[in-house]
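Accompanying notes for the structure given below.
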There are 2 protein chains.
Amino acid sequence: MSAPALTKNQALVFDVLEKADGPLSAYTILDKLRDHGFRAPLQVYRALEKLLEYGVVHRLESINSFVACAHPGENCHSHGIVAFAICESCSQVMEFHDHEVDQRLMDWTRSKKFKAEKTTIEIRGLCEACAA
Amino acid sequence: MSAPALTKNQALVFDVLEKADGPLSAYTILDKLRDHGFRAPLQVYRALEKLLEYGVVHRLESINSFVACAHPGENCHSHGIVAFAICESCSQVMEFHDHEVDQRLMDWTRSKKFKAEKTTIEIRGLCEACAA
DNA sequence: TCAATTGCGTTATGCTATAACGTGTGCGAT
DNA sequence: ATCGCACACGTTATAGCATAACGCAATTGA
């Protein structure tokens, strides 16, 4: 599932996300790309679908937004579960990985014979700067 | 933050969620309560807001749905982080708590001086029965 | 009694996401 | 070569999720 060359639309969407300093909603991305010919949400969603598949973009379920992966060049899917800390004030996102957490969750799923497909870990709160 | 007596609408919404065998969207709840006089989404959302606050209902961020807490009578907020395993086939939800996971995430947030307000852990996949 | 709070009902609106249709392009198999 | 297939793309329409803003009624406590 590594990333092949991106199509034009995929590259445009990825570029917007990479240059953004925080997560963006699909419609925000759409607005930013109107000058590049984007007219409809599907253009964004279809690109996002692929970018998510390639592991270069993450979806933040709790805020219906998307963010470029913090590991440019690498395939994030190989890092285990991805966790996010999302500042509700400045909307900065920190991405991290904790193998111990992965292990505990995998232990649980194995004990329940639950076949995990996609795991979401999102911590919402205030970053150091905003909490002060 | 323990639960005071529920108002009529809150009780109706909670009842629907408790009797359901899986998570429900706000609009599904609305449909189930039309016979009881519910007409608008806000009636559901306002009740849900309180039920979430009281800790007797959980919101599943990844599927925009709501589910009654698996610990009737107790205050779920005192159990630490709540995690969910959601079967994408039969939509059964398993709720669990893992102190070790809590600890690891808290260690991370403390090390980053991130003030966590609300943490989401949701595992989507197939339950034992559906994976067979 | 007055003010503040809380719940409720209604209308309208905004945000998020996908269905369904059709077009064009590249590419391998026959 | 051309047929068939897969895939990206564009467009319109619609479905699904959530809240803003208004007003009213009941409760409570100073």
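Just so you know, these numbers use all the heavy atoms, side chains as well, and skip hydrogens, waters and symmetry mates. Chain A is the first sequence line, chain B the second, and so forth, proteins listed ahead of strands; every chain is numbered from 1. Note that this is a predicted model, so its numbers are computed, not measured.
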Exercise. OP1 or OP2 of C:dG7 sitting under 4.0 Å from any side-chain N/O of B:Asn9?
Worked result: no
For this session: Check each residue of residues 10-41 of chain A for a non-hydrogen atom within less than 4.0 Å of any atom in DNA chain C, then write out the ones that pass by number, or none.
Result: A:Ser25, A:Tyr27
Exercise. Got a sec, which hydrophobics cluster with A:Leu126, joining ILVMFWY side chains under 4.5 Å apart, including via others?
Worked result: none
Seminar exercise, completed: Residue pairs passing the salt bridge (charged side-chain N to carboxylate O under 4.0 Å, His left out) test with at least one member in residues 57-70 of chain B, sequence neighbours excluded, are A:Arg124-B:Glu61, B:Arg59-B:Glu61
Seminar exercise, completed: Residue pairs passing the ring pair (Phe, Tyr, Trp, His ring centres under 6.0 Å) test with at least one member in residues 96-132 of chain A, sequence neighbours excluded, are A:His71-A:His97, A:His79-A:His97, A:Phe96-B:Trp108, A:Trp108-B:Phe96
Problem set entry | Residues A:Glu49 and A:Arg46 bridged, charged N to O under 4.0 Å | no
For this session: Would you indicate whether the side-chain heavy atoms of A:Val101 and A:Ile81 approach each other to under 4.5 Å?
Result: no
Exercise. Using the benzene-type ring in the case of Trp, are the ring centres of A:His58 and A:Phe84 under 6.0 Å apart?
Worked result: yes
Problem set entry | Donor-acceptor side-chain pairing of B:Glu122 and A:Thr120 below 3.5 angstrom | no
For this session: For DNA chain D, note the earliest and the latest nucleotide, 5' to 3', having some atom under 4.0 Å of a heavy atom belonging to chain B.
Result: D:dC17 to D:dA21
Exercise. Roughly, in whole Å, what's the span from CD in B:Gln43 to C1' in C:dT6?
Worked result: 16 Å
For this session: Report, as a single string ordered 5' to 3', how protein heavy atoms within less than 4.0 Å touch nucleotides 19-26 of chain C: B base, S sugar-phosphate only, - not at all.
Result: BB------
Exercise. Are A:Phe14 and A:Leu33 connected in the hydrophobic side-chain network, where two residues link if heavy atoms are under 4.5 Å apart?
Worked result: yes
Problem set entry | Pairwise side-chain contact, B:Cys127 with B:Cys90, heavy-atom cut-off 4.5 Å (strictly under) | yes
